[in-house]
Chemist: 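Here's a structure for you.
Order of the sequence lines sets the chain letters (A, B, ...), proteins ahead of strands, with each chain counted from 1. From a predicted model like this one, the values you see are computed outputs, not experimental measurements.
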There are 2 protein chains.
Amino acid sequence: MAHTVKAVAELAGISVRTLHHYDEIGLLKPAQVSASGYRLYTQSDLERLQQVLYFKELGFGLHEIKEIIDSPGFDRKRALLEHRQLLAERQNRIEKLIHSVDRTLEAMERGIQMAEKDMFEGFDHTKYEEEARQRWGHSEEYRQSEQRTKKYTKADWAQIQQESGAVYQGLVSVMDRDPADPEVQEWVRQWHEQINKWFYQCSTEVFRGLGDMYVADERFTKNIDKYATGLAAFMKEAMHVYCDRLEGK
Amino acid sequence: MAHTVKAVAELAGISVRTLHHYDEIGLLKPAQVSASGYRLYTQSDLERLQQVLYFKELGFGLHEIKEIIDSPGFDRKRALLEHRQLLAERQNRIEKLIHSVDRTLEAMERGIQMAEKDMFEGFDHTKYEEEARQRWGHSEEYRQSEQRTKKYTKADWAQIQQESGAVYQGLVSVMDRDPADPEVQEWVRQWHEQINKWFYQCSTEVFRGLGDMYVADERFTKNIDKYATGLAAFMKEAMHVYCDRLEGK
DNA sequence: CTAAACTATCACGTTACGTGAGGGTCAACA
DNA sequence: TGTTGACCCTCACGTAACGTGATAGTTTAG
């Protein structure tokens, strides 16, 4: 009932080497290994491989794919629905490329010069790929953060811990005030500054969204409310005020 | 009127590093370079870049793209028409992926198990990419040949020259006979053998097609008929007979 | 039993850039 | 004119995702 590498490779249109590679990096480990060391893939493995290939098709890196599929909340059905939407958008992009070809041909027929921007309509991957990543919590900010933090030393982390702890404590101590209070806002400014300094370039928009996430995402809420019950909600309000003020300038 | 790297990169949705790379490998060299060493891209460069990006989008490697665009017969209009067709086929493939998603979802709803092959419908790039390459004379055989011959020494080439020369001379000496003649067929068998040995795995089908090309492609005809006028046509006939016999087994 | 097909691991190489370092050039502004 | 930020250059190591070939064990059909 289980398949060896050649069969799976042929089924999926990939190479045996690819399957070896996926095994090595923990992306797709066969459910069984025979006594002689042969990889044996089950139906469940095939289902996972299908997901891997859809994510890969949509532009995700293998490391990213692993994190997404391995996360506790991963839901196969939801994933398929997301894939479908993103594939439909891929079609839109190809439509744009075809349209651009047509317009180039037309310009040539007419002997006129095409607007330069129109010549490259549809080639820009980044918009589509960024959207795909954001659907799975792998935004540009997340990636920037990963890029930066991978080089941090223990000392760096200790400093981050200390600085953020200070802000959390500060915010706890002023929780009885209005979120617009000057001291509250000063702690929020420091929080914003720390994120920019240690993690990623944090625009006003992103900072506001982060505040929303503190409340909307249970993991954030749970983590922050360790300092004081209701801190996450308080921070969200204060961050919104802060952003309103920044944008009012 | 000319653009520097940042402007071009933004226009085309690629990185500055990519433009540097393309310059390095001779794929897209700017028409001008300023006194201070700045790359300056003209309208003509943008047109070439557009072609590069279309080929890249369709799965060609950069080396391949360079060869195609630089070949004497390259025609921009024809290229655009080809791109259009291949992009339309890309859409077909994505349609298959979407269809496969739908079928997976349906199977899940019904609690049934999907046919394994259906799970991976649409993922196989190779068929489409091989077709794209064949449109530009970069078939699997061409690539195999390149892969093998890049490692050949002068001695290898001398041997190849000698062996093929012997076959050509042999065929010339029997040109007055029927293409089905045993001795003619023996020379053809040797020719087939040499191709398999030195260049690529040559199926009957491919060998037959090669014979057709000897006549249909002027470059082949001209080269082969150096040995004797009419040799290319004679070889084609003999090769067809040879293949008919192989397939008759 | 045998040979061909399949399997494994190992490891270097390839492709197409990404990234950071170090330094020169350009243009707007004080 | 000097300054500063944005843009430019070359250099070169690193990355991601395998491809390729070598060597050797295992399976399967004739």
Chemist: Could you tell me whether the side chains of Ser164(A) and Gln194(A) share a donor-acceptor contact shorter than 3.5 Å?
Modeler: no
Chemist: Check this for me: does any side-chain nitrogen of one of Lys29(B) and Asp45(B) sit under 4.0 Å from a carboxylate oxygen of the other?
Modeler: no
Chemist: Below 4.0 angstrom, N of the basic side chain to O of the carboxylate: do Lys197(A) and Glu193(A) qualify?
Modeler: no
Chemist: Counting only heavy atoms and a strict 4.0 angstrom limit, can you tell me which residues of residues 14-29 of chain B come near DNA chain C?
Modeler: Ser15(B), Arg17(B), Thr18(B), His21(B), Tyr22(B)
Chemist: Which side-chain N or O atoms in residues 4-12 of chain A pair as donor and acceptor under 3.5 Å with protein atoms at least two apart or in another chain?
Modeler:
residue	atom	partner	partner atom	Å
Lys6(A)	NZ	Glu10(A)	OE2	3.1

Chemist: When the distance from NZ of Lys66(A) to P of dA17(D) is rounded to whole Å, what number comes out?
Modeler: 13 Å
Chemist: Atom OH of Tyr38(A) and atom C1' of dT26(D): how far apart are they, to the nearest Å?
Modeler: 3 Å
Chemist: Can you tell me if the side-chain N/O atoms of Lys56(A) get under 4.0 Å from OP1 or OP2 in dA16(D)?
Modeler: no
Chemist: To the nearest angstrom, how far is Leu40(A) atom CG from dT26(D) atom C1'?
Modeler: 12 Å
Chemist: Using a 4.0 Å cut-off to any heavy atom of chain B, which nucleotides of DNA chain C are the first and last in contact, reading 5' to 3'?
Modeler: dA16(C) to dC26(C)
Chemist: Quick one: label Ser34(B) by what it contacts on the DNA or RNA (base, sugar-phosphate, nothing), any heavy atom closer than 4.0 Å.
Modeler: nothing
Chemist: In terms of side-chain geometry, is the basic nitrogen of Arg48(A) or Asp70(A) positioned less than 4.0 Å from the acidic oxygen of its partner?
Modeler: yes
Chemist: With a 6.0 Å cut-off on ring centres, are Tyr41(A) and His3(A) close enough?
Modeler: no
Chemist: Do the charged groups of Arg78(A) and Glu82(A) touch, with an N to O distance under 4.0 Å?
Modeler: yes
Chemist: Quick one: do Lys56(A) and Glu64(A) make a salt bridge, cutoff under 4.0 Å?
Modeler: no
Chemist: Give the rounded distance in Å between these two atoms: OH of Tyr41(B) and P of dC8(D).
Modeler: 10 Å
